[in-house]
Protein chains: 2
Amino acid sequence: MTDAKRAFIARKEQELETLCRAQGLSLTPQRRALLDALARRKDHPTADQLYDALQKTVKGLSRTTVYRTLETFANIGLILKVSSQQAKARFDADTSRHHHISCVQCGAVADLIDPGFDLPELPDKHPSGFRIYDYAITFTGLCPRCQQDSSHTA
Amino acid sequence: MTDAKRAFIARKEQELETLCRAQGLSLTPQRRALLDALARRKDHPTADQLYDALQKTVKGLSRTTVYRTLETFANIGLILKVSSQQAKARFDADTSRHHHISCVQCGAVADLIDPGFDLPELPDKHPSGFRIYDYAITFTGLCPRCQQDSSHTA
DNA sequence: TTGCAGATGGTACTTTGTGTCAATTGGTTA
DNA sequence: TAACCAATTGACACAAAGTACCATCTGCAA
């Protein structure tokens, strides 16, 4: 693990405490474990992937809690809910503005960090009547694995 | 309905025939009806919404066929699978490059046409190893209805 | 007109996500 | 540091979204 990654995880743990205190939420072991697990990963796991991964280490962790907690985290802005081509939610601990590329074949999502793709300015309100909060660019393409192995699915 | 809309629907029907012939797919009444229904709508319906709408007019249409056909259409590039905040697929008959705004509260998806948001150029391959096919910008915000009625869901 | 590959409909099933509620626990207060 | 209570959790049942399977049907090419 790089130093930057270690620092990122520490920052997220700090942010968890700050945000929970600010929102009057309890700091439970489940919440700590979930955020830690998500912060350590660089793929963008689904709720069930996180559940499978944590079930082993966090004894008695329930699937309901995983879904509920991730939703809570997304609501308080601690993590991002990332939409992929496949119809299931994926989550990302990195809430800074960055973009994603999603594999049309297996659905894997990776970061795509390139300030050249940032938009100039963002109107607060659009002619359509929507109030605009934020944006994200989702690229579609073929991941390295699927370029070689066309039978791969995830 | 505007003339432009009528022309769009006619173009899509033409495109359906061309693409099916090119791919060796049959031109079934179900496929015609589905594409027509999707092309006429300007919201971005889910598979089940299309199923509900067509069940009445296309007798005996099965839910399985709707899911299967939409997937097929997306694969041959006849329609787009649009990702929204909610974990369900939405579909769009307009395959030209344009962007979407999705309501964080009710999940509604609308078009956001503004060439000012287009990206300069697109590298074929990115350092991440992904082969890039295309991109779409998804704005998040609050739709006009939800700005007024915070209990509204769809 | 016929044959058949491909498409459909129906059912059962899996996956993804939500509602409910009793039992538990974090965190505050005394 | 003990006790209380609202918030959280786990377990189960349920709903919603999507897929697998297979017998039947049909578009379309010969």
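The figures here come from the full heavy-atom set of this structure, side chains too, leaving out hydrogens, waters and symmetry mates.
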### Query
Taking N and O atoms by type only, does the side chain of A:R63 place a donor or acceptor under 3.5 Å from a partner on the base of D:dG10?
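When only heavy-atom distances are counted, A:R63 does not reach the base of D:dG10 through any donor-acceptor pair under 3.5 Å.
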Taking [atom1] from [X] and [atom2] from [N], how many angstroms apart are they, rounded to a whole number?
X	N	atom1	atom2	result
B:F91	D:dG18	CZ	P	7 Å
B:Q86	D:dG18	CD	C1'	16 Å
B:L54	C:dT8	CG	C1'	15 Å
A:E71	C:dG17	CD	C1'	9 Å
A:Q49	C:dG17	CD	C1'	15 Å
A:L16	C:dG26	CG	C1'	13 Å
B:K88	D:dT19	NZ	P	15 Å
B:K59	D:dC25	NZ	C1'	12 Å

#### Entry: Distance-minimising heavy-atom pair for A:Y51 and A:R63
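So the two residues come closest at CE1-N, 3.5 Å.
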### Query
In terms of the nearest nucleotide of DNA chain D, which residue is placed more toward the 5' end: A:Q30 or B:Q30?
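Taking each residue's closest nucleotide, the earlier one in sequence belongs to A:Q30.
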### Message
Closest-nucleotide mapping onto DNA chain D: is A:R31 or B:A47 further toward the 5' terminus? I mean the 5' end.
### Response
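The residue whose closest nucleotide sits nearer the 5' end is A:R31.
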### Task
Give A:R68 one of three labels, base, sugar-phosphate or nothing, depending on what nucleic acid heavy atoms sit under 4.0 Å from its own.
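Result for A:R68 = base.
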### Query
NZ of B:K5: more than 12 outside heavy atoms within 6.0 angstrom?
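Enclosed: over 12 neighbouring heavy atoms sit under 6.0 Å from NZ of B:K5.
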### Query
Can A:I9 be reached from A:L35 by stepping across I, L, V, M, F, W or Y side chains whose heavy atoms are under 4.5 Å apart?
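They do not share one cluster, since no chain of ILVMFWY contacts under 4.5 Å joins A:L35 to A:I9.
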### Query
Quick one: which of D:dC28, D:dT9, C:dG9 gets closest to the side chain of A:T69?
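In terms of side-chain proximity for A:T69, the closest of D:dC28, D:dT9, C:dG9 is D:dT9.
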Under 4.0 Å between a side-chain N or O of [X] and OP1 or OP2 of [N]?
X	N	result
B:T64	C:dG10	no
B:Y67	D:dT19	no
A:T28	C:dT25	no
B:T65	C:dG9	yes

### Task
Compare all side-chain heavy atoms of A:L112 with those of B:I132 and state whether any distance is below 4.5 angstrom.
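Contact flag for A:L112/B:I132 side chains = yes.
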### Query
Are B:T46 and B:D48 linked by a side-chain donor-acceptor pair shorter than 3.5 Å?
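No, no side-chain donor-acceptor contact under 3.5 Å.
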